[in-house]
Amino acid sequence: MTNKADKKSFYTTPIYYVNAKPHLGHAYTTLSVDVAARYSRMCGNETYFLTGTDEHGDKIVEAAEKQGKTPREYTDEISQLFQNLWPTLNVSNNDFIRTTNLDHIKVVEHLLTRIYDAGEIYFSEYEGIYCFGCERFYQERELVDGKCPDHGTEPQKIKEANYFFAMSKYQDWLIDHIKQNPDFIRPERYRNEILSFLKEPLEDLCISRPKSRLTWGITLPFDDNYVTYVWFDALTNYISALGFPDGEKFNRLWCGAEHFVAKDIIKPHGIYWPTMLKAAGIDLYQHLNVHGFWNVGGSKMSKSIGNVTDPAEVTAVYGVDPFRYFLMREMVFGLDANFTEDAIVQRINSDLANDLGNVFSRILAMNHRYFKGQVPAVVETIEEQKGLSLRVAADEAIQGFQQAMNDNAFHKGLISIWEFIAILNKYIDTTAPWVVAKDEARKDELATILYNLVESLRVVSSLIYPVMPETSVKMQQILGMTHPHGREYPTMNEIIPWNQIAVGTKMEKPRSLFPRVDSHKSAAPSSPAEKKDVTKAISASKAQHPAPSALPSTGEKKPANNEPLKPEIAFDDFTKIDLRVGTILAAEKIKKSNKLLKLSVDLGEESHRQIVAGIAKSYDSDQLIGKQVVVVANLKPAKLMGETSQGMILAANDGKELFLSGFTAPLPAGSPVK
RNA sequence: GGCGAUGUAGCUCAGUUGGUUAGAGCAUGCGGCUCAUAUCCGCAGAGUCCGGGGUUCAAGUCCCUGCAUCGCUACCA
């Protein structure tokens with residue numbers, strides 16, 4: 001396998017939305033890019049690695065206000081959390097971009113102007129049914145008897161104007177491009193997903209928000225009254241960081257662009273972004289590399305379950321390289337995987353301590369014992385005669401590794417190395433150097449064996465570099481390896497030739513690379529194992545709520561509990577609401593509905609009320625019978641899925657799961673609540 | 001409800017275009033070695049490849065259907 005010299009590679013993570021601190025998902029995306037980028041450097045490619053933070057939008061303003069901060073202060077703070085994490089994880093990014101940087105803003109303006117001038121952005125009013133009470137548009141089907149379900153008033157047809165990007169006209173071109181370039185989006189499952197999206201007619205993309213509704217954003221260069229909405233802001237980071245349009249970096253590197261994203265944001269990256277580039281007359285990126293989600297302890301990461309895993313914590317407990325190894329070994333790039341503390345401990349003990357660490361230790365120990373730590377010379381006649389060369393096995397390992405890495409199959413790359421380690425262990429067992437050493441006449445044979453083993457360690461220590469840079473460097477140092485230009489890694493081409501370690505090289509005494517870990521070494525308070533039971537107690541064997549994507553994203557994310565406070569009301573307003581204690585007498589699921597339960601509730605009145613509640617995902621009907629809840633008793637009745645609802649049940653919402661209110665003692669039905 | 005994905009050994013998962021007795025790691029049991037981080041090597045047990053039907057000389061693999069789980073989406077008073 002040859003490595004093209006002079007190839008340029010530009011690797012990117014999505015820019016992470018600063019509405020929450022970094023978690024396992026962010027860490028994986030960034031680390032998979034780091035592994036790819038380090039490998040790319042080993043292939044001799046000029047490699048540029050970009051990550052950053054996405055900082056505009058309404059949600060940010062709300063979150064900042066809640067903390068009594070300006071958006072700028074708030075975003076500075078969260079962005080810093082990301083910037084601090086990456087060095088801890090040994091991430092080798094060359095740049096960190098923030099969408100609030102002036103340089104970025106200028107490029108966004110430039111790009112918008114360019115596409116606007118090309119006539120690909122148009123201004124359009126669209127008509128919708130708007131309820132002024134709710135300050136929102138409704139779909140026809142959402143109305144109850146043609147009226148606003150909230151206010152019972154007739155909504156108005158109004159027009160709002162916005163700017164649109166003429167994306168639809170690129171649909172056929174995009175389909176064609178994806179079909180012509182089978183690995184444009186990879187792995188294949190995500191390519192298929194995008195193609196199936198594209199079977200439906202594509203709509204034009206709304207790219208603006210009036211300033212009356214959104215201020216924390218980039219003003220449209222052709223209309224002061226609007227800011228650009230998410231896409232042209234966030235996606236543009238990939239070229240603004242390179243100094244588009246005239247930047248020297250852009251000209252040199254953009255042709256090698258490799259985007260890495262989690263599966264939740266393939267639409268903007270696989271559809272919007274290529275069409276935007278096309279409209280602006282910019283070449284497309286090389287590949288969109290899509291990976292899956294990390295579950296934790298068997299469930300989706302979510303705040304309500306309490307299993308959101310902090311990469312810094314895991315690293316503090318187990319170390320950077322074990323963490324990196326685990327993520328890369330355990331997840332098949334593209335598919336989902338599961339994170340548990342038991343699994344990481346098992347990987348550390350069996351793969352790192354028993355296999356890699358131990359083989360390193362036993363080879364070096366023998367070399368010190370029999371040759372005083374100096375690399376002995378191979379005697380070729382004996383090597384050939386006894387079939388002692390490990391060259392072929394090493395070649396196969398290197399080849400398998402390269403093939404896998406070129407394909408983002410990081411786990412396979414590691415498997416390839418570990419198969420080689422297994423061969424080394426077997427080789428040691430078969431050749432039994434400790435037996436050979438007893439016979440002075442077999443000194444040459446012993447030397448040949450140990451040379452082959454040390455040489456194999458050279459290969460292993462080099463190949464693990466992208467995934468475990470720290471350990472790789474440590475091993476190489478102990479082995480006495482150095483590289484041109486003070487590089488801390490050898491290139492692939494430098495790894496391949498056999499018989500490289502110079503005879504007589506002095507090696508250090510072996511050090512324990514990975515101590516074995518006690519399986520109960522659980523320091524992290526977010527230990528998934530512990531949280532599991534809590535989870536069960538809360539949700540009572542119900543299927544978990546889907547957490548809103550807990551993974552990196554360009555930005556339309558909704559924070560779980562950052563809802564801004566509503567405007568102040570007078571006490572009189574509050575007293576208009578009649579809250580009562582209701583006893584649930586019966587509950588059944590409404591057919592064709594996922595979330596709705598039809599409840600029969602006793603409010604102490606002559607007849608029982610029928611109330612429809614959207615809590616089916618959090619509660620089974622059985623567990624509700626007899627439960628006492630707070631009911632809004634004077635709410636105007638409404639119709640849902642064909643069922644009348646005469647009231648509303650109060651429940652807390654943490655963003656994922658709903659929790660009914662309750663009382664510390666049984667009460668008569670209908671008791672007032674104030 | 002619509003769209004999509006997944007279901008293979010006790011556990012976590014590989015299984016390319018259908019082709020011998022279905023694989024790996026971990027776990028379990030037995031045996032061996034002592035250079036090594038009580039590590040390593042060998043052997044063994046174990047699977048209705050979710051159920052049912054179909055195509056085929058041949059199905060884990062293709063088609064239909066059912067079930068289960070998960071994701072997106074709609075209803076969320």
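Letters go in sequence order (proteins before strands), and every chain restarts at 1.
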Can a donor-acceptor pair be found, under 3.5 Å and without considering hydrogens, that links the side chain of [X] to the backbone of [Y]?
X	Y	result
A:Y427	A:L453	no
A:R580	A:V631	no
A:E455	A:I501	yes
A:S416	A:K412	no

*With a cut-off of under 6.0 Å to the ring centre and 45° to the axis, is A:K443 in cation-pi contact with A:F371?*
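Yes.
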
Please give the distance between the [atom1] atoms of [N] and [M] as a whole number of Å.
N	M	atom1	value
B:rU8	B:rC3	P	25 Å
B:rG15	B:rG1	P	32 Å
B:rC70	B:rG32	P	49 Å
B:rC76	B:rC62	P	40 Å
B:rC11	B:rU17	P	28 Å
B:rU12	B:rG53	P	29 Å
B:rA59	B:rG66	P	24 Å
B:rG19	B:rU56	C1'	12 Å

*asked:* Heavy atoms only, 4.0 Å cut-off, all strands: where does A:N338 land among base, sugar-phosphate and nothing?
replied: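 No contact.
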
Measure [atom1]/[X] against [atom2]/[N] and give the value in whole Å, please.
X	N	atom1	atom2	result
A:F371	B:rC35	CZ	C1'	13 Å
A:I421	B:rC41	CD1	C1'	16 Å
A:Q403	B:rU16	CD	C1'	13 Å
A:F293	B:rU6	CZ	P	16 Å
A:K412	B:rC13	NZ	C1'	13 Å
A:W418	B:rU12	CH2	C1'	18 Å
A:D336	B:rU69	CG	P	17 Å
A:D355	B:rC41	CG	C1'	12 Å

_Residues which pass ring pair (Phe, Tyr, Trp, His ring centres under 6.0 Å) with A:F401, listed by chain and number, not counting sequence neighbours_ =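 A:F401: ring pair (Phe, Tyr, Trp, His ring centres under 6.0 Å) contacts with A:Y39.
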
Is there a Watson-Crick or G-U wobble partner for [N] with both distances under 3.5 Å, and if so, which one is it?
N	result
B:rG42	B:rC30
B:rU69	B:rA5
B:rG23	B:rC13
B:rA59	none
B:rG47	none

What nitrogen or oxygen pairs link the protein and nucleotides 36-38 of chain B at under 3.5 Å?
residue : atom : partner : partner atom : Å
B:rA36  : OP1  : A:R369  : NH2          : 3.3
B:rA36  : O3'  : A:S361  : OG           : 3.2
B:rA36  : O2'  : A:N358  : OD1          : 2.6
B:rA36  : O2'  : A:S361  : OG           : 3.2
B:rA36  : N1   : A:R362  : NH2          : 3.4
B:rA36  : N3   : A:N358  : ND2          : 3.3
B:rA36  : N3   : A:R362  : NE           : 3.1
B:rU37  : O2   : A:F514  : O            : 3.3
B:rU37  : N3   : A:F514  : O            : 2.7
B:rU37  : O4   : A:L513  : N            : 3.2
B:rU37  : O4   : A:F514  : N            : 3.1

*Would you indicate, yes or no, if B:rC72 has its OP1 or OP2 atom less than 4.0 angstrom from a side-chain nitrogen or oxygen of A:K263?*
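A:K263 to B:rC72 OP1/OP2: no side-chain N or O under 4.0 Å.
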
*Under the salt bridge (charged side-chain N to carboxylate O under 4.0 Å, His left out) rule, collect the residues that match up with A:R609, sequence neighbours excluded.*
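With sequence neighbours excluded, A:R609 shows a salt bridge (charged side-chain N to carboxylate O under 4.0 Å, His left out) to A:E605, given in chain and number order.
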
*With under 30° as parallel and over 60° as perpendicular, where do the rings of A:F326 and A:F339 fit, or are they tilted in between?*
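Aromatic pair A:F326/A:F339 classed perpendicular.
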
*Return the orientation label for the A:F333 and A:Y28 ring planes: parallel under 30°, perpendicular over 60°, tilted otherwise.*
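Geometry flag for A:Y28 against A:F333: tilted rings.
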
*asked:* Here's a test of your reading of the structure: between A:I649 and A:L335, which maps to the more 5' nucleotide of RNA chain B?
replied: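 Its nearest nucleotide being more 5', the pick is A:L335.
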
